[in-house]
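A, B, ... follow the sequence lines: proteins, then strands. Residue 1 opens every chain.
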2 protein chains.
Amino acid sequence: MKKGNTRDVILHTASELFQRQGYHGTGLNQIIEKSGAPKGSLYYHFPNGKEEIAIEAIKLMGQHILESAREDLSEKDTAIEAFQHHVAKIADVFDGKACVDGLQIGLIASEMASSHESIRLVCKSAYEDWQALYTECLQRFDFETERAKELAVVINSLLEGASILAQTNESGWPLRAVAKQLPALLVH
Amino acid sequence: MKKGNTRDVILHTASELFQRQGYHGTGLNQIIEKSGAPKGSLYYHFPNGKEEIAIEAIKLMGQHILESAREDLSEKDTAIEAFQHHVAKIADVFDGKACVDGLQIGLIASEMASSHESIRLVCKSAYEDWQALYTECLQRFDFETERAKELAVVINSLLEGASILAQTNESGWPLRAVAKQLPALLVH
DNA sequence: GTCTATAAGTAGATAGAC
DNA sequence: GTCTATCTACTTATAGAC
């Protein structure tokens with residue numbers, strides 16, 4: 001977990017807490033406490049305070065999710081199998097009651113959309129990156145460009161929504177229900 | 001807006017604020033201020049404080065969404081048209097920058113899932129009600145029971161997720177992208 | 001049923017020593 | 001780069017008058 005410098009430790013802990021408890025639900029003191037980072041150094045590394053930590057944390061989450069998605073999607077031979085594999089991996093995370101590491105910016109995105117423009121834009125950018133990856137993957141499996149783009153939005157929605165249901169049900173089954181219906185959606 | 005008694009005014013205002021700013025992002029003072037309700041009466045009507053207000057507010061949102069969904073879904077002659085109509089109505093809400101009235105418990109559901117069991121259960125119950133309605137509608141259009149139940153979960157996920165994207169983009173287009181792909185999903 | 005005042009705690013943020 | 005102490009503002013919640 002520790003990457004050596006204090007900044008990364010703070011950011012990693014903040015990512016974890018923000019995505020589970022949200023922006024307002026997570027205190028700076030809690031981040032300090034859980035990370036074990038020295039309290040005094042927080043405003044040294046992030047002079048703009050909580051908002052700056054949140055922005056950097058969201059960028060980190062975005063990249064993390066992008067990487068694991070890219071990995072999942074490259075391991076299969078059809079679009080259906082690829083996305084089903086991706087969804088199944090996410091479903092597994094919600095079964096264990098362990099921390100939901102690196103999944104989901106939906107909570108903070110909803111929370112801040114109407115109040116913090118800068119955070120809204122970072123979230124928007126993360127979603128665009130994921131959709132670009134999905135689009136690219138669908139094109140590789142011979143989906144026409146426009147349809148691929150639209151399906152990417154739909155898949156993105158599906159994953160965000162099913163993740164909320166999974167949290168609410170404390171189980172990955174909503175994601176598995178989604179995986180099961182993917183073949184109907186992904187017809188040429 | 002005012003339904004006569006103070007309790008309902010508080011609840012209505014709380015619903016609005018909770019779904020836009022979340023639980024931790026909304027202060028009791030803000031609810032009082034915005035509702036114009038007398039401050040002293042808050043703990044008279046809700047002796048258990050903020051958590052009780054949240055639980056009742058979520059129930060209210062759940063019923064409100066259920067009713068408008070029932071209305072939307074009963075106006076068309078095919079499953080595809082019915083759900084497309086429903087999604088289109090939601091999309092329109094996100095275009096105007098007005099308050100998102102009565103839509104979406106996803107934010108508060110994510111926020112509280114890991115910390116307040118009682119709130120998590122109320123959200124779970126609301127989702128189950130909506131899915132039951134979707135299932136019923138799909139069965140009416142000759143979908144087999146098991147498939148109808150699974151599609152209901154998928155549609156629920158789709159709506160929750162696309163609503164987050166709509167907020168993040170300040171536009172209803174993600175919901176319209178979903179509507180456009182519904183015919184592929186809803187094949188017998 | 002409503003109102004005022006206030007308790008008790010915690011939030012984010014800052015200043016200055018080291 | 002880190003630590004400690006502290007400031008101000010705000011939070012939920014309560015007590016007691018009306």
Query raised in the report: Using a distance-only test with no angle check, is there a side-chain donor-acceptor pair under 3.5 angstrom linking B/Gln21 and A/Ser115?
Result: no
Got a list of protein N/O to nucleotides 5-11 of chain C N/O distances below 3.5 Å?
unit_1	atom_1	unit_2	atom_2	d
C/dA11	OP2	A/Asn29	ND2	3.1

Report task. Please list, by residue number, the residues of residues 41-49 of chain A whose heavy atoms come closer than 4.0 Å to an atom of DNA chain D; answer none if no residue qualifies. Result -> A/Ser41, A/Tyr44, A/His45
Report task. Would you please say whether a donor-acceptor pair under 3.5 Å links the side chains of B/Gln104 and B/Ser163? Result -> no
Report task. If the plane angle is over 60° it's perpendicular, under 30° parallel, otherwise tilted; pick one for A/Phe143 and A/His188. Result -> parallel
Report task. Take atom CD1 of A/Ile31 and atom P of C/dG12, then tell me their distance rounded to the nearest Å. Result -> 8 Å
Requested in this report: Measure the CD1-OG distance between A/Ile10 and A/Ser15 for me, rounded to the nearest 0.5 Å.
Outcome: 11.5 Å
Requested in this report: For A/Glu51 and C/dG12, give me the distance from atom CD to atom P, rounded to whole Å.
Outcome: 13 Å
Query raised in the report: Do the rings of B/Tyr23 and B/His116 sit parallel, tilted or perpendicular, given the 30° and 60° boundaries?
Result: tilted
**Report entry** A/Phe83/A/Leu159 under side chain to side chain contact (heavy atoms under 4.5 Å, CB included): CA gap, chis, key distance, verdict
**Finding:** CA-CA 10 Å; A/Phe83 281 101; A/Leu159 288 180; over 6 Å; no
Report task. Go through the structure and list residues passing side-chain contact (heavy atoms from CB on, under 4.5 Å) with B/Glu150, not counting sequence neighbours. Result -> A/Lys180, A/Gln181
Query raised in the report: Distance only, no hydrogens: is a donor on one side chain within 3.5 Å (strictly under) of an acceptor on the other, for B/Thr145 and B/Gln139?
Result: yes
Query raised in the report: For C/dT2, does either OP1 or OP2 sit under 4.0 Å from a side-chain N or O belonging to B/Thr6?
Result: yes
